[in-house]
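Working notes, beginning with the structure itself.
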Number of protein chains: 2
Amino acid sequence: MAQRSAVTRRAPLSRDRVLRAAVTRADAAGIGSINMRGLAQELGVVPMALYKHVAGKDELLDGMVDLVIGEFEPPAAGPDWKSEVRRRVLSARRAVLRHPWARLAIESRTRRTPAVLGYMDSLAGAFLAGGFSAHLTHHVMHALGNRIWGFTPELFDAPPDADAPAPDPEARAAMAREFAERYPHILQIATAATDGDLSRVGDGCDEQFEFEFALDLLLDGFDRLRVAGWTPGSARSTGSA
Amino acid sequence: MAQRSAVTRRAPLSRDRVLRAAVTRADAAGIGSINMRGLAQELGVVPMALYKHVAGKDELLDGMVDLVIGEFEPPAAGPDWKSEVRRRVLSARRAVLRHPWARLAIESRTRRTPAVLGYMDSLAGAFLAGGFSAHLTHHVMHALGNRIWGFTPELFDAPPDADAPAPDPEARAAMAREFAERYPHILQIATAATDGDLSRVGDGCDEQFEFEFALDLLLDGFDRLRVAGWTPGSARSTGSA
DNA sequence: ACCTGAACACCGTTCAAGT
DNA sequence: ACCTGAACACCGTTCAAGT
């Protein structure tokens, strides 16, 4: 076809160009929009051409996550271990918030790429440099879990299904009444979280606050164990249970 | 066809029978084996027949998770809030360990079914009954996050890809040398976790220990905030940062 | 009124046939 | 030697045609 002349021909494909196009696409249309055919079309090539640069869809997703990790602030010799860990985790959080699809991608990926290992290694290094034993560092990394990527699961913040276009005040009130009866405790804490403005229930709470609340709670707990000289022989965590 | 006579005809389909068949299938062959066509074939019906009992694949997955939640131990008036929360979370953990696919299914589902809300409500109730304010209960539930379901992400415990059938001792040693150079801190904590037996690296550590370690660390932290009379106006968590 | 076969609109990936 | 069209083996879901 004369359709694609020399002048309209895109720059030659490369692994990096494929990955960046995938990230841009996922940013705009969600992780569900990532498929080899659509991505190829966007790049003006035939689907098979992508397989020259990524082994398959799995490796494509791994590579996309690696690009996000590349946006994390690099490690630094912080004044103390706690502010260094905190800074890096919150930096990871900012990157993940810029790419909302990354959350699910990180959770579902199992491959430990060099970028993933490099980030985990530098974080472990911050604990070790701060005086944590290798054993304790291992445990606290596990305790942080996916929080090292700067996100926490949504739990009850999922937006309410937008499948009921008609509010229908009466049915709404009946549903609210039934909810209050069946889930009184959830209602109670949701009321507190929204300062009594129940119409805001479902808008989600201040996720940034919740993330830092839990992160600081964990880091403070880690510090207590470090100071107490926790060893594998001691009780599981603080031993106060 | 005379293939399916009256005598071989299966019991009439029901939502419960569909969901139980799906759970059994997923237990045996993983979540990837769940598809409408295969499930229908297993039940001896045409795929479309399933749509009479579940709205679609999404609702099927929601229903499967609900069955797992149904295996959780029911709430009880525990001696104190901490042992009650601990008991219920570890009960959830046992159920999720019995159904390994449930972990990913819970993470990827966003729908809050009555079973999900009921479990979260009873857990919130345990905190409230233990003297936590509604505000603090909200925060500690978020801090637990997906840990309320009894699991924690794998982080670095993913089994090494079984794509290298030939160990090839020399290449293995070279890889180990490169790993030690690039990820010295990971090597250090992995060595500690396996008591120096590096051949066991990748076998995964004692996940049960790690789960309880983090759970107790969190619960102890929660208790400290409760005793200190934490209010929304106070510092984020312990305020010691 | 009920059930269902065939079809629709997709997937990821393979591979032999083209240049 | 390189590229790619067509095909393979799947999906979830729809819908009109059967009884």
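Convention: sequence-line order gives letters A, B, ...; per-chain numbering from 1. Atom set for the values below is all heavy atoms of this structure, side chains included, hydrogens, waters and symmetry mates excluded.
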**Message:** Heavy atoms from C-beta onward define the side chain here; which of C/dA7, C/dT4, C/dG12 lies closest to that of B/Val46?
**Reply:**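 Minimum distance to the B/Val46 side chain belongs to C/dT4.
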Measure [atom1]/[X] against [atom2]/[N] and give the value in whole Å, please.
X	N	atom1	atom2	result
B/Leu43	C/dT4	CG	P	13 Å
A/Leu13	D/dT4	CG	P	10 Å
B/Arg37	C/dC10	CZ	P	15 Å
A/Ile34	C/dC11	CD1	P	11 Å

Exercise. Would you say B/Gln41 has more than 12 foreign heavy atoms packed within less than 6.0 Å of its CD?
Worked result: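 It does not: B/Gln41 CD has 12 such atoms or fewer within range.
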| field | Complementary nucleotide of D/dA16, counting Watson-Crick and G-U pairs under 3.5 Å | value |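 Across any shown strand, D/dA16 pairs with C/dT4.
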Let's test this: given Watson-Crick or G-U wobble pairing with both distances under 3.5 Å, identify the partner of C/dC10.
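Matched C/dC10 with nothing under the 3.5 Å cut-off.
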### Separation of A/Asp62 CG from A/Met64 CE (nearest 0.5 Å)
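Answer for the CE-CG pair, A/Met64 versus A/Asp62, is 10.5 Å.
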Hey, what do you get for CD (A/Glu71) to CG (A/Asp66), rounding to the nearest 0.5 Å?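 Result: 12.0 Å between the selected atoms.
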Report yes if the distance between the aromatic ring centroids of B/His139 and A/Phe209 is under 6.0 Å, otherwise no.
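That pair passes the under 6.0 Å test.
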Taking the P atom in each of C/dG18 and D/dC8, what is the distance between them to the nearest angstrom?
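Between the two P atoms, the distance is 16 Å.
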Is it true that A/Arg88 and A/Glu73 make a salt bridge, defined as a side-chain N closer than 4.0 Å to a carboxylate O?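 Not counted as a salt bridge, because no side-chain N and carboxylate O are separated by less than 4.0 Å.
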Practice task
Over 60° means perpendicular and under 30° means parallel, so classify the ring planes of B/Tyr119 and B/Phe72, tilted if in between.
Solution key: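 The rings of B/Phe72 and B/Tyr119 stand perpendicular, inter-plane angle above 60°.
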(message) So if I take residues 47-61 of chain A and measure heavy-atom distances to DNA chain D, which residues fall below 4.0 Å?
(response)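 Result for residues 47-61 of chain A: A/Met48, sorted by number.
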